[in-house]
Amino acid sequence: MLAIISAVLFFIAFLINAADVSTNDTFTSTNVMLLGLTVLALHLGGIGGGWSFRGRRR
């Protein structure tokens, strides 16, 4: 799930950069790209993977 969110953030950053849209200082393509990288790092770190081992007991 987090990988999909990061892909959407990367796509939004690409659109902002390619269309040369003027945004305020907090919503630039670089900041959106860094948010995407943060979400991707969380995904690779195992956060939000969807697997829960706590509920499985034998």
Side-chain angles (χ1 to χ4, degrees):
M1 183 69 171
L2 288 176
I4 295 170
I5 293 171
S6 67
V8 169
L9 287 173
F10 286 139
F11 183 69
I12 290 171
F14 170 74
L15 286 180
I16 290 172
N17 192 21
D20 199 26
V21 176
S22 62
T23 58
N24 56 8
D25 290 335
T26 58
F27 194 66
T28 60
S29 64
T30 305
N31 288 342
V32 175
M33 182 186 62
L34 289 174
L35 283 174
L37 285 173
T38 303
V39 172
L40 186 62
L42 288 173
H43 172 71
L44 291 175
I47 308 292
W51 292 95
S52 176
F53 293 108
R54 283 186 255 170
R56 296 183 182 186
R57 289 193 172 184
R58 292 183 181 196

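When a residue number appears, it is its place in the shown sequence, counting from 1. Owing to the predicted nature of the structure, the values given are computational and were not obtained by experimental measurement.
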* Structure fact -> The side-chain contact (heavy atoms from CB on, under 4.5 Å) partners of Thr38 (sequence neighbours excluded) come to none
Scan the side chains in residues 3-11 for donor-acceptor partners under 3.5 Å anywhere in the protein, sequence neighbours excluded, and list what turns up.
unit_1	atom_1	unit_2	atom_2	d
Ser6	OG	Leu2	O	3.4
Ser6	OG	Ala3	O	2.8

* Under a 4.5 Å side-chain heavy-atom rule over Ile, Leu, Val, Met, Phe, Trp and Tyr, are Leu42 and Met33 clustered together? -> no
* Among the clusters formed by ILVMFWY side chains lying less than 4.5 Å apart, do Leu40 and Val32 turn up in the same one? -> no
